[in-house]
Structures are given as C-alpha cells and as structure tokens.
**Q** 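Structure below; questions to follow.
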Amino acid sequence: MKLHTYLNYGGKCEQAFRFYEKHLGGKVTMMMTHGEQPNAKDVAPGQKNAILYARMSIGETDLMGSDVPPERFQPMRSVYLSLSVDSTAEAERLFTLLSDGGEVFMPMQETFFALRFAMLRDRFGTSWMIIHERTPRASA
C-alpha cells in the first residue's frame, strides 16, 4: 500500500505544478484537462482548460492534483506538505520562494528542534512546513 497526497486547486493546478516542477526539482508525469477527456463535449465551456488530473514526483513522493470550480475552492486548512531539507540555505531559499504572494503562519527561524523551521501557505493555496532538522544527539 502507498499513501499519496491529492491537492485541489481553484483553477491554478497547472500553474502550481509547473512552479513546483521548476523550483522544487519535481517532474510532472501526467497532466490532463477536462477538455481532453473522452466525454469532453459534456464539459462546461469554462472548465475545458481546468486540470482533471495531474501527477508529479518530488523527491521520493508523488503528488497528485486537479482543479475544482473556483467558487468551491478553499485553501488548505489543518494539513501541510512538509519539506525536509539538508541545509539552512535551502530552507531559506524555499521559504522565500513559497512565501512570495502567500501567507506566512510562522516565519523562518531557529527552534529547539530545527536549525530552520517555517509554516506558510503559498499563492496557490498549498500549506507548507519547511524544516532543516537538528542532528539528533547520541543517546547516553
């Protein structure tokens, strides 16, 4: 069994996935619009370019998504995608990139458990945690 994350967007799925592909080192492996499905004649004209299904890989994880009608879309609440990185510089880079046009819940900072940690929602409505963990101390 595998558990995957599936995100809904209000018309910005393709923008979000292309942004994540370019800046997070992901690879889009599938993207289909409602207008490309077999029964495209039944799709409302305003939904033809909306994403029916998208899939990408980021690191060892697959991320899936689609567009919902904008009037039904709500940004993520109580769920975060967590990016664990190996350097403070990378944590800072990702924070700057993902927070641009978004909403910061916890600014990038040092904590008792991490050299860098932040929480935010990006401009596409996806909530992120970014962490550069401290090296665990050896047990006595």
**Q** To the closest 0.5 Å, what do you measure between CD (Gln15) and OH (Tyr20)?
**A**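 Result: 10.5 Å between the selected atoms.
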
**Q** State plainly whether one hydrophobic cluster holds both Phe19 and Tyr53, where clusters connect Ile, Leu, Val, Met, Phe, Trp and Tyr through side-chain heavy atoms under 4.5 angstrom apart.
**A**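 Shared cluster, no.
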
**Q** Ser66: which residues meet the side-chain hydrogen bond (donor to acceptor under 3.5 Å, both in side chains) condition with it, sequence neighbours left out?
**A**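 Testing Ser66 for side-chain hydrogen bond (donor to acceptor under 3.5 Å, both in side chains), a comparison that skips the adjacent residues, returns Tyr6, Asn8.
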
**Q** How far apart are the closest heavy atoms of Phe17 and Gly65, and which atoms are they?
**A** CZ-N, 3.6 Å

**Q** Do Lys48 and His34 have side chains that approach each other closer than 4.5 Å (heavy atoms only, starting at C-beta)?
**A**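 Side-chain contact under 4.5 Å: no.
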
**Q** Could you identify which residues cluster with Val68, counting Ile, Leu, Val, Met, Phe, Trp and Tyr as linked when any side-chain heavy atoms lie under 4.5 Å apart, either directly or through a chain of such contacts?
**A**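 Answer for Val68: Phe73.
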
**Q** For the OG1 atom of Thr126 and the NZ atom of Lys12, what is their distance to the nearest 0.5 Å?
**A** 11.0 Å

**Q** For the residue pair Gly10 and Pro70, what are the closest heavy atoms and their distance?
**A**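 Closest pair (atom of Gly10, atom of Pro70, distance): O-CG, 3.6 Å.
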
**Q** Which residues end up grouped with Ile131 if you chain together Ile, Leu, Val, Met, Phe, Trp and Tyr wherever their side-chain heavy atoms are less than 4.5 Å apart?
**A** Tyr80, Phe105, Met106, Phe112, Phe113, Phe117, Met119, Met129

**Q** Can you tell me how far the CG atom of Leu52 sits from the SG atom of Cys13, to the nearest 0.5 Å?
**A**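 Here the rounded value is 10.0 Å.
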
**Q** Among all residues two or more places apart in sequence or in another chain, which pass the side-chain contact (heavy atoms from CB on, under 4.5 Å) test with Arg18?
**A**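 In terms of side-chain contact (heavy atoms from CB on, under 4.5 Å), with neighbours along the sequence ignored, Arg18 is linked to Glu14, Glu21, Val28, Met31.
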
**Q** List for me each residue that meets side-chain hydrogen bond (donor to acceptor under 3.5 Å, both in side chains) alongside Thr88, sequence neighbours excluded, and say none if there are none.
**A**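 Once residues adjacent in sequence are excluded, the partners of Thr88 under the side-chain hydrogen bond (donor to acceptor under 3.5 Å, both in side chains) criterion are His132.
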
**Q** So, using side-chain contact (heavy atoms from CB on, under 4.5 Å) as the criterion, who are the partners of Ser87 when residues are at least two apart?
**A** Ala89, Glu90

**Q** Residues in side-chain hydrogen bond (donor to acceptor under 3.5 Å, both in side chains) with Glu92, at least two apart?
**A**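 side-chain hydrogen bond (donor to acceptor under 3.5 Å, both in side chains) check on Glu92 returns Arg116.
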
**Q** Check whether any side-chain heavy atom of Thr33 sits under 4.5 Å from a side-chain heavy atom of Glu36, and report yes or no.
**A** yes

**Q** Which residues pass the side-chain contact (heavy atoms from CB on, under 4.5 Å) test with Leu83, not counting sequence neighbours?
**A** Leu24, Leu94, Leu98, Trp128

**Q** Under 6.0 Å from the CG atom of Asp42, do we count more than 12 heavy atoms belonging to anything else shown?
**A** yes

**Q** Linking I/L/V/M/F/W/Y whenever their side-chain heavy atoms sit closer than 4.5 Å, directly or via other members, would Leu120 and Met76 fall into one cluster?
**A** yes

**Q** Run the side-chain hydrogen bond (donor to acceptor under 3.5 Å, both in side chains) test against Glu103 and tell me which residues pass, sequence neighbours left out.
**A**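 Glu103: side-chain hydrogen bond (donor to acceptor under 3.5 Å, both in side chains) contacts with Arg121.
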
**Q** Quick one: CD on Glu133 to CG on Leu115, what's the gap to the nearest 0.5 Å?
**A**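 Reported value, rounded in 0.5 Å steps: 9.5 Å.
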
**Q** Once side-chain contact (heavy atoms from CB on, under 4.5 Å) is applied, do any residues pair with Ala118, and if so which ones, sequence neighbours excluded?
**A** Phe95, Met108

**Q** If you look only at pairs with a residue in residues 59-72, which of them pass as a salt bridge (charged side-chain N to carboxylate O under 4.0 Å, His left out), with sequence neighbours excluded?
**A** Arg55-Asp62

**Q** Does any non-hydrogen side-chain atom of Leu81 lie less than 4.5 Å from one of Leu7?
**A** yes

**Q** How far does CZ of Arg93 sit from CD1 of Ile130, to the nearest 0.5 angstrom?
**A** 9.5 Å

